[in-house]
Asker: 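Following this message is one structure expressed as structure tokens.
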Amino acid sequence: MEYEKISNENVRAAIEAWQKAASKEWLFYFSKNATLLDDGHSRDFMKFSTEAIGKERFTSIDKVENSSMDIYGKFHSDTWGDFKTYFKFRIGKDGKFDQLQIGQANY
């Protein structure tokens with residue numbers, strides 16, 4: 001995995017934690033009340049984080065935008081198969097991520 005494409009250290013560390021299914025490490029980078037938008041629809045961030053981690057992962061990082069806050073790549077889900085996706089991180093007032101947007105990407 002080409003993590004060096006991600007210049008934002010916190011985004012890179014969060015993605016690395018996601019990839020190695022390190023739940024505690026992943027959650028460290030998010031505010032206590034972080035929100036999740038999945039293709040624009042609100043979902044429970046904690047439920048997603050605990051249920052998907054270890055079962056879903058990037059297989060490549062193909063594009064990085066918005067000062068490395070937006071990550072695009074090929075993705076594998078044990079449930080949904082393989083597809084292109086994005087993870088878009090937003091920093092909150094406390095300096096941690098307060099929102100994650102995910103969804104299918106067309107790039």
Side-chain angles (χ1 to χ4, degrees):
M1 191 64 59
E2 297 180 32
Y3 298 115
E4 65 277 357
K5 289 180 179 180
I6 306 170
S7 62
N8 182 297
E9 292 179 21
N10 288 336
V11 172
R12 183 181 328 119
I15 291 290
E16 287 177 358
W18 178 266
Q19 291 294 105
K20 63 184 181 183
S23 297
K24 266 186 166 176
E25 199 176 324
W26 163 259
L27 293 172
F28 169 80
Y29 294 97
F30 289 87
S31 300
K32 188 175 184 172
N33 296 314
T35 60
L36 173 67
L37 294 175
D38 185 350
D39 282 325
H41 298 77
S42 185
R43 284 186 54 198
D44 184 304
F45 173 77
M46 286 301 293
K47 184 175 179 182
F48 165 76
S49 293
T50 57
E51 291 180 356
I53 198 163
K55 297 177 185 124
E56 299 183 2
R57 66 203 155 275
F58 281 93
T59 57
S60 68
I61 295 173
D62 300 331
K63 187 167 73 165
V64 177
E65 295 182 336
N66 188 24
S67 299
S68 287
M69 299 295 286
D70 301 348
I71 310 301
Y72 298 81
K74 293 177 187 74
F75 201 73
H76 174 79
S77 166
D78 292 351
T79 303
W80 306 108
D82 299 311
F83 51 92
K84 293 179 183 176
T85 196
Y86 62 82
F87 276 32
K88 296 181 179 184
F89 297 82
R90 184 179 78 186
I91 297 176
K93 293 178 184 176
D94 63 358
K96 294 191 173 207
F97 302 124
D98 69 350
Q99 184 179 77
L100 178 65
Q101 294 180 46
I102 63 172
Q104 289 198 34
N106 295 313
Y107 59 90

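Count residues from 1 along the sequence.
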Asker: How far apart are the C-alpha atoms of Lys74 and Asp82, what are their side-chain angles, what is the distance that settles it, and do they pass the salt bridge (Lys or Arg N to Asp or Glu O under 4.0 Å) test?
Answerer: CA-CA 7 Å; Lys74 293 177 187 74; Asp82 299 311; over 6 Å; no
Asker: Taking all non-hydrogen atoms of both residues, which atom of Ala13 and which atom of Glu25 are closest, and how far apart?
Answerer: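 In terms of heavy atoms, the two residues are closest at O-OE2, 4.4 Å.
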Asker: In terms of ring plane angle, is the pair Trp18 and Phe87 parallel, tilted or perpendicular, where the classes change at 30° and 60°?
Answerer: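 The arrangement is perpendicular - the two ring planes meet at more than 60°.
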Asker: I need the minimum non-hydrogen distance between Asn10 and Tyr29, along with the two atoms involved.
Answerer: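 Closest pair (atom of Asn10, atom of Tyr29, distance): OD1-CE2, 3.7 Å.
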Asker: For residues Ile53 and Ser23, report the shortest heavy-atom separation together with the two atoms involved.
Answerer: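 Taking Ile53 first and Ser23 second, the nearest heavy atoms are CG2-OG, 3.2 Å.
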Asker: On a heavy-atom basis, which atom in Gly54 and which in Ala21 lie closest, and how many Å separate them?
Answerer: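 Minimum heavy-atom separation between Gly54 and Ala21: CA-CB, 3.6 Å.
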Asker: In terms of hydrophobic clusters joined by side-chain contacts under 4.5 Å, are Leu37 and Met69 together?
Answerer: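 Not linked; separate clusters.
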Asker: Rounded to the nearest 0.5 Å, what's the gap from CD on Glu65 to NZ on Lys88? Could you check?
Answerer: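 Going from CD on Glu65 over to NZ on Lys88, the span is 7.5 Å.
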Asker: Just how far is it from atom CG of Asn33 to atom NZ of Lys96, taken to the nearest 0.5 Å?
Answerer: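 NZ of Lys96 is found 12.0 Å from CG of Asn33.
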Asker: Checking Lys5 side chain against Val64 main chain: does a donor-acceptor pair fall under 3.5 Å?
Answerer: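 Side chain of Lys5 to backbone of Val64, a donor-acceptor pair under 3.5 Å: no, none is there.
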Asker: Write down the atom of Arg43, the atom of Asp38, and the distance for their closest heavy-atom approach.
Answerer: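 In this case the closest contact between Arg43 and Asp38 is NH1-OD2, 2.6 Å.
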Asker: Rounded to the nearest 0.5 Å, how far apart are OG1 of Thr79 and CD of Glu56?
Answerer: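 Separation between the atoms: 6.5 Å.
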Asker: For Gly103 and Asp39, work out which heavy atoms get closest and say how close.
Answerer: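 Shortest heavy-atom separation between Gly103 and Asp39 comes out as CA-OD1, 3.1 Å.
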Asker: When the ring planes of Phe89 and Trp26 are compared, do they come out parallel, tilted or perpendicular, using 30° and 60° as the limits?
Answerer: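 Answer is perpendicular, since the angle exceeds 60°.
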Asker: Quick check for you: to the nearest 0.5 Å, what is the distance between Lys84 atom NZ and Thr59 atom OG1?
Answerer: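 Going from NZ on Lys84 over to OG1 on Thr59, the span is 11.0 Å.
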Asker: Does CD in Glu9 sit with more than 12 non-hydrogen atoms of other residues, nucleotides or ligands closer than 6.0 Å?
Answerer: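 Result for CD/Glu9: open.
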Asker: Are the side chains of Leu27 and Met46 in touch, meaning some heavy atoms are under 4.5 Å apart?
Answerer: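 Touching, per the 4.5 Å side-chain cut-off.
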Asker: Out of curiosity, Leu36 CG to Asp44 CG, how far, rounded to the nearest 0.5 Å?
Answerer: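 Reported to 0.5 Å precision, the distance equals 8.0 Å.
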Asker: Do other residues, nucleotides or ligands put more than 12 heavy atoms under 6.0 Å from Phe83 CZ?
Answerer: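 Yes, the 6.0 Å shell around CZ holds more than 12 heavy atoms from other groups.
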Asker: Atom CZ in Phe45, atom CG in Leu100: separation rounded to 0.5 Å?
Answerer: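 Going from the CZ atom of Phe45 to the CG atom of Leu100 covers 6.0 Å.
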Asker: Return yes if some donor-acceptor pair links the side-chain N/O of Arg12 with the main-chain N/O of Ile6 below 3.5 Å, else return no.
Answerer: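 Yes: the side chain of Arg12 pairs with the backbone of Ile6.
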Asker: Among Tyr72, Phe75, Tyr86, which residue meets the ring pair (Phe, Tyr, Trp, His ring centres under 6.0 Å) test with Phe58?
Answerer: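 That would be Phe75; it is the only one of Tyr72, Phe75, Tyr86 passing the ring pair (Phe, Tyr, Trp, His ring centres under 6.0 Å) with Phe58.
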